[in-house]
**Student:** 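Got a structure for you, questions after.
Because the structure is predicted, anything quoted here is derived from the model rather than measured. Note on naming: letters A, B, ... go to the chains in the order of the sequence lines (proteins, then strands), and numbering restarts at 1 for each one.
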Protein chains: 2
Amino acid sequence: MPPGKRPPISRRDRPTKPALTRQGIVEAALSLLRAEGLERVTMRRLAQELDTGAASLYVYVRNTAELHALILDELLGDVDLAPVSAAGEWRERLVAVLWSYTAVLVDHSGLAQSALVTRPSGPGYLHLVEGVLALLSEGGVAPGRAAWAVDLLLHFATSTATEQGIRSRAIDADDEEDRAAAALLGLSPETFPHIVALNAVLLSVEGAERLTWGFHVLINGVLETPRPESS
Amino acid sequence: MPPGKRPPISRRDRPTKPALTRQGIVEAALSLLRAEGLERVTMRRLAQELDTGAASLYVYVRNTAELHALILDELLGDVDLAPVSAAGEWRERLVAVLWSYTAVLVDHSGLAQSALVTRPSGPGYLHLVEGVLALLSEGGVAPGRAAWAVDLLLHFATSTATEQGIRSRAIDADDEEDRAAAALLGLSPETFPHIVALNAVLLSVEGAERLTWGFHVLINGVLETPRPESS
DNA sequence: ACCTGAACACCGTTCAAGT
DNA sequence: ACCTGAACACCGTTCAAGT
């Protein structure tokens, strides 16, 4: 077949290349995230996945930060908001929602990091805020105080998720960082080998207890601490 | 002068190239940080500053993360720990220390971010932990609870610094993110132009009040919330 | 032992040129 | 209007080869 003008062939021969849309880009990014992790959700890699050039994505997405924010909000749809309208003590239900939020983020701690830097703004996030506000209101927290509290609570959950994500690595007894961690745990360097075992506990049972404790500290503190007069 | 073997010339003609040392690298990194910001403290840029190749730095520094951790700890020497042993109410002195820590980090929010991801371990950080523990002990917080509390307090300060650093930018009424921020503040889109003014307040007076409130929430919550029985 | 150039395998973003 | 190749200006890290 000679070169030159060829008849516009039907799309069927390249079924993996649908027209670009903002939603399609976000979906591709999400599947790339699940397949290869956030660090590979780059403009170039994503474009490759979509069978185009990186430059094309800039028609739909302002920059990488916006792309990540879009993914995050999509993921936030997985947060379990059922406890908001369930039966039971409001404190416990609030902790359940915060746990769910943290759990969703912890699998993709890079996204949590971006949530810390660029406050989320999509529908997923707004639903979450709404739910937390409802629970605080049920708990009798005045609106002004609740507005600050919801920020404080979500901020704490977000930063915990950021922190946790990276901690999932082996402890190395020669590593200076790990030595300091051991010191903080009150372990003398002699008993060092034991941290390996301890660390697993820290990430599971004790880690969980600490986070729950943190949530309760925040909730009790909010109940106990009025906003300053002036504002 | 013909090429070939030249006599080893004295170092005096290149006074800016001292031998590489770990400390020298950290100092150069620190001055680069102050001059150009964290985003330019890269292995390549730093090597250039030290008149060598990036590969040479790997003799002294494991990787970029370690480099940043080293810088951070150096900076932590600037935290004002005087309130630890000053007169006055322990709560207020604790808040003062936390404020100082936050202030040091907020100027370099990228470093705060790295502190969130890689828990600091150097002497600067350990002194800070020591000071906070001393104040909590003075406040009658039991050691076990204090151990968790110091983490909670510093973690909150660190993540607040991470968050604040980026917020120092103009509000754009066309920006979706800013629209959501306005919504959260309870402003209808009609009153939108006013956020520009409001934003300044938020970053100064109200922002400061919120952070102080957050610290007090944490402190009151810690006093109010025992650690779970099991651990 | 320490240092290095060069290479490998990537990045984000812009822009002129095409359709 | 949408899409793109190519370019610009970078990255971190490794490694063989030098001194």
**Student:** Distance-only, no hydrogens or angles: does the Y60(B) side chain make a donor-acceptor pair with backbone N or O of L20(B) under 3.5 Å?
**Tutor:** yes
**Student:** Using modelled atom types and a 3.5 Å cut-off, is there a donor and acceptor pairing between side-chain atoms of S31(A) and backbone atoms of A28(A)?
**Tutor:** yes
**Student:** Can you tell me if the side-chain N/O atoms of S56(A) get under 4.0 Å from OP1 or OP2 in dT4(D)?
**Tutor:** yes
**Student:** Of the options dC15(C), dT13(C), dT4(C), whose atoms approach the side-chain atoms of A55(A) most closely?
**Tutor:**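 The closest nucleotide is dC15(C).
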**Student:** dG5(D) P sits how many Å from Q48(A) CD, rounded?
**Tutor:** 13 Å
**Student:** Distance check needed: dC10(C) C1' versus E36(A) CD, whole Å only.
**Tutor:**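 Nearest whole value for this atom pair: 14 Å.
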**Student:** Rounded off to whole Å, could you give me the CE-to-P distance for the M43(B) and dC3(C) pair?
**Tutor:** 14 Å
**Student:** One thing to verify: whether R22(B) and E66(B) come together as a salt bridge, which I'm taking to mean a side-chain N less than 4.0 angstrom from a carboxylate O.
**Tutor:**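 R22(B) and E66(B): salt-bridged.
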**Student:** Is there a donor-acceptor pair closer than 3.5 Å between any side-chain N or O of S56(A) and the backbone N or O of T52(A)?
**Tutor:** no
**Student:** If only atom types and distance count, is the side chain of S159(A) paired as donor or acceptor with the main-chain N or O of F156(A) below 3.5 Å?
**Tutor:**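 At least one qualifying donor-acceptor pair exists.
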**Student:** Please classify the nucleic acid contact of T42(B) as base, sugar-phosphate, or nothing, using heavy-atom distances under 4.0 Å.
**Tutor:**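 Answer is sugar-phosphate: T42(B) comes under 4.0 Å of backbone atoms only.
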**Student:** Can you tell me which stems involve DNA chain D, if a stem is defined as three or more consecutive Watson-Crick or G-U wobble pairs, both distances under 3.5 Å?
**Tutor:**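 If one scans DNA chain D for consecutive Watson-Crick or G-U pairs, the stems found are C:4-8 with D:12-16, C:12-16 with D:4-8.
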**Student:** Y58(A) or R40(A): which one's nearest nucleotide on DNA chain C is closer to the 5' end?
**Tutor:**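 Upstream on the strand: R40(A).
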**Student:** Please report, rounded to the nearest Å, how far the P atom of dC11(D) is from the CD atom of E39(A).
**Tutor:** 21 Å
**Student:** Using whole Å, report how far CG of L57(B) lies from P of dC2(C).
**Tutor:**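 These atoms are roughly 14 Å apart.
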**Student:** Tell me the interatomic distance from L20(A), atom CG, to dT4(D), atom C1', rounded to whole angstroms.
**Tutor:** 11 Å
**Student:** Okay, side chain of H68(A), backbone of V41(A): is any donor-acceptor separation there less than 3.5 Å?
**Tutor:**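 Confirmed, H68(A) side chain pairs with V41(A) backbone.
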**Student:** Within the side chain of D80(B), is there an N or O that forms a donor-acceptor pair under 3.5 Å with the backbone of S100(B)?
**Tutor:**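 Looks like no, no N/O pair under 3.5 Å.
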**Student:** Expressed as a whole number of angstroms, how long is the span from R62(B):CZ to dT14(D):C1'?
**Tutor:**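 Taking CZ of R62(B) and C1' of dT14(D), I get 16 Å after rounding.
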**Student:** Output the rounded distance in Å from CZ (R44(B)) to C1' (dC10(C)).
**Tutor:** 11 Å
**Student:** Sticking with atom C1', work out how far dA6(D) lies from dC10(D), rounded to a whole angstrom.
**Tutor:** 16 Å
**Student:** Between dC3(D), dC3(C), dT13(C), which one does the side chain of A54(A) approach most closely?
**Tutor:** dT13(C)
